[in-house]
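Since the structure comes first, as C-alpha cells, the remarks are kept for the end.
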Amino acid sequence: MKKVITYGTFDLFHKGHYNILKRAKALGDYLIVGVTGENYDAERGKLSVQDSLATRIENVKKTGFADEILVEEYDGQKINDIIKTKADVLVLGLDWKGKFDHLKKYCDVVYLERTKDISSTQLRQENNRIYNYGIVTDYILNNDFIFDAEYVSGIHIESIFSENKEISSAICQRLHIDRTCVDYNQFLETVDIVYVNCETNKRFHYIKQALLQGKHVVSDSPMSLSPHEVKELYDLAEQQNVILLDNIPTVYVRTFNQLLNVVKGEVIGDIIRVNCSMSLEELSHDYSHSVYDAFYYIICILMKIFGENYKNVFIKNVDYQNDIVYGRIEFEYEHSIGYGELTKGIDHTSLMEIIGTKGRITVPQDWWKSAYFEATLYKENYTRRYCTNFEGNGFRYLIQVMLQMIKENQLQSQRLSAHDSVCIIEILKNIHI
Ligand code: CTP
C-alpha cells in the first residue's frame with residue numbers, strides 16, 4: 001500500500017485545499033493529512049487563523065480523501081511523522097518548493113502546482129475589515145513597536161502624527177506611508193486605532209482626544225501620573241464603546257501567561273519572594289522608556305504575579321544623580337515579598353526570579369520579552385524548561401488581542417484591566433524622581 005502524507009493549516013477551507021487533497025490522494029492508496037495545531041501556528045507567526053483546529057480538521061474530513069488526520073505541533077515534526085507512519089510520499093504545494101528536499105532521504109517529496117487565485121490569506125482579507133492604524137510619536141529612533149504592528153493581518157499603518165514635522169516625515173519615509181498629519185484632529189479622522197507613543201506628560205491629552213472621537217487606543221504606560229485622569233480615560237473609553245489598552249506587551253505573550261499558570265498551579269509551592277530587576281538601557285534598547293515607564297512595567301508584572309492585596313509597599317533609594325538611577329520597590333504580602341529593581345547608568349542585568357517553598361522559577365535576561373523560563377524543584381533536583389516562540393518585541397501579540405477584542409466587542413482586557421491600571425498608578429504616584 002502506498003502512503004501519502006501532506007500538511008496544511010486549511011483555514012477557511014477553499015477549493016485550493018480540496019484540489020491538493022484530491023491530487024495527493026490520487027498519488028497513492030492511503031492519505032495522511034497533518035493539520036497545524038493552534039499553538040504551532042501562533043508560534044510560527046501565523047496569527048490570524050480564523051477557524052479553530054476542530055473546524056479545520058472537520059473540513060478536511062468532509063472531503064472524504066483523508067484516511068488519517070494528525071496534528072502538526074512543532075517544527076521538525078514531519079520527519080517523525082514520515083518515519084512513524086511509513087509514508088512513501090510527502091506532498092506539498094509549489095509555494096514550498098525546495099523547502100523540504102532534505103526529507104528526500106526518508107520518502108519521495110512532490111511539490112504540486114497550487115490552484116490559481118485563491119488562498120486563505122486572500123479570503124481572510126476579503127472577510128475581514130482592515131483597521132487603519134495611526135501613531136502619535138515624539139521619537140524618530142527606537143520605535144520598533146510601530147514596525148511590529150505591521151505583522152498583524154487586518155492592520156494597515158495609515159498615518160503618523162508628530163508635533164515635530166521632521167519626525168513624522170522621516171518615519172513615513174521609512175514605512176513608505178503617504179500620509180503625515182500636522183493637525184491632530186485631521187489625523188484622528190484617518191484612523192480606527194491610535195497608538196500613543198510620546199512623552200508621559202502628553203499622553204493624557206492625546207488619548208482623551210482620540211477616545212472622544214471614538215477611536216480605539218493603545219498607549220505607552222503610564223497614561224498619566226494621576227489615578228483620577230487614568231480612571232477618567234477608562235470611563236470615557238467605556239462610554240464611547242471603544243478599547244483602551246496599556247502598552248505592556250509582556251502580559252499578552254504566551255510565555256508569560258504560561259509562567260503565571262505555573263505559579264498559580266503551585267508547581268514551585270507557595271511563593272516566598274519575587275525579584276524582578278530591569279535595566280533601563282536594556283528596555284530602552286527597544287524604545288525610549290522613561291524611569292516612570294520602567295517602574296510601571298515592573299509594578300504591573302509584580303501585581304500580575306501576586307495580585308493587588310499587598311499589606312505594604314515601600315519605595316526606596318530612588319536616587320537620580322549624574323544620569324544614574326537606582327530605584328527599588330518592595331511589596332509586602334501576608335507570606336511573601338516582591339522586589340522590583342530599576343537601574344540606569346550602572347552595570348546591571350535584568351532578571352526575574354521567583355522563589356517558592358518547593359523550587360524556583362528563573363527567567364533570563366530581558367525577562368519582559370523572554371520566550372523561555374525554567375522551573376527548578378529543590379527536592380527532586382529537577383529542572384523543567386519552558387519555551388515558546390517569541391517574534392519581534394511582543395507588540396504584535398498585543399495588537400492581535402486588541403483586534404480580537406474589537407471584533408468581539410469585548411471592551412475590557414482580561415490581561416490588564418482598567419482597575420489594574422489605576423492600582424498601578426496609585427503606587428507609581430508615590431515615586432518621586
Ligand atoms: N494550496 C494549493 N492551492 C492554493 C492554496 C493552497 O494547492 N490556492 C495548498 C498549499 O500549497 C498547501 C495546502 O494547500 O500544500 C495547505 O495550504 P494552506 O497553507 O493551509 O493554505 P493557503 O491558502 O496557502 O493559506 P495561507 O494563505 O494562510 O498561507
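In this text the structure is predicted, and so the values were computed from the model without any measurement. Each ligand, and each atom within it, is numbered from 1 in the order the structure gives.
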Q) Counting distance only, does the side-chain N/O of Lys344 pair as donor-acceptor with the main-chain N or O of Val291 below 3.5 Å? A) no
Q) Taking the six-membered ring for Trp, is the centroid-to-centroid distance between Phe295 and Tyr292 below 6.0 Å? A) no
Q | Main-chain N/O of Asp51 paired with Asp11 side-chain donor or acceptor, under 3.5 Å | A | yes
Q. Between Tyr18 and Phe65, does the ring centre distance come in under 6.0 Å?
A. yes
Q. Is the backbone N or O of Ser168 less than 3.5 Å from a side-chain atom of Ser162, with the two atoms forming a donor-acceptor pair by type?
A. no
Q: Name the closest protein heavy atom to atom 18 (P) of ligand 1, giving the residue it belongs to and the distance to 0.1 Å.
A: His17 NE2, 3.7 Å
Q: Check Lys78, Lys84, Gln77 against Asp81 for a side chain to side chain donor-acceptor pair (under 3.5 Å) and give me the one that passes.
A: Gln77
Q: For the pair Lys215 (side chain) and Val191 (backbone), establish whether a donor and an acceptor sit closer than 3.5 Å, ignoring hydrogens and angles.
A: yes
Q) Are any of the heavy atoms in Lys15 under 4.0 Å away from ligand 1? A) no
Q. Are any of the N/O atoms in Asp95 less than 3.5 Å from those in ligand 1?
A. yes
(Q) Considering both backbone and side-chain atoms of Gly93, is one of its nitrogen or oxygen atoms within less than 3.5 Å of a nitrogen or oxygen in ligand 1? (A) yes
Q: Output yes when the distance from some N or O of ligand 1 to some N or O of Trp96 is under 3.5 Å, and no in every other case.
A: no
Q: May I ask you to check whether Arg114 has an N/O atom sitting below 3.5 Å from an N/O atom of ligand 1?
A: yes
**Q.** Proximal atoms of ligand 1 relative to Ser120 (non-hydrogen, under 4.0 Å)
**A.** 21 (O), 22 (P), 23 (O), 25 (O), 26 (P), 27 (O), 28 (O)
Q. Has ligand 1 got any nitrogen or oxygen that is less than 3.5 angstrom from a nitrogen or oxygen of Thr121?
A. yes
Q: Number the atoms of ligand 1 from 1 as they appear, then name those within less than 4.0 Å of a heavy atom of Phe10, with their elements.
A: 16 (C), 20 (O)
Q. When only distance counts, is Thr6 in polar contact with ligand 1, meaning an N/O pair under 3.5 Å?
A. no
Q: Establish, for the pair Lys304 and Phe256, whether the NZ or CZ atom is under 6.0 angstrom from the six-membered ring centre and no further than 45 degrees off its axis.
A: no
**Q.** Sidechain-backbone polar pair: Arg203 side chain, Cys198 backbone, donor-acceptor under 3.5 Å
**A.** yes
Q: Name the closest protein heavy atom to atom 9 (C) of ligand 1, giving the residue it belongs to and the distance to 0.1 Å.
A: Ile20 CD1, 3.8 Å
(Q) Contact between ligand 1 and Gln122 is defined here as a heavy atom of the residue under 4.0 Å from a ligand atom; is it met? (A) no
Q) Hey, which atoms in ligand 1 end up nearer than 4.0 Å to a heavy atom of Ser119? A) 23 (O), 27 (O)
**Q.** Nearest non-hydrogen protein atom, atom 29 (O) of ligand 1
**A.** Lys46 NZ, 3.6 Å
Q | side-chain contact (heavy atoms from CB on, under 4.5 Å), paired with His216, selected from Gln240, Met402, Met405 | A | Met402
Q. Taking N or O atoms only and a 3.5 Å limit, does Leu92 qualify as a polar contact for ligand 1?
A. no
Q. With a 4.0 Å heavy-atom cut-off (strictly under), which part of Arg124 contacts ligand 1: side chain, backbone, both or neither?
A. side chain
Q | Identity and distance of the protein heavy atom lying nearest atom 3 (N) of ligand 1 | A | Thr115 N, 3.1 Å
Q. Who's the nearest protein heavy-atom neighbour of atom 8 (N) of ligand 1, and how far?
A. Ile118 O, 2.6 Å
(Q) I'd like to know if the side chain of Gln186 and the backbone of Leu188 have a donor-acceptor N/O pair within less than 3.5 Å. (A) no
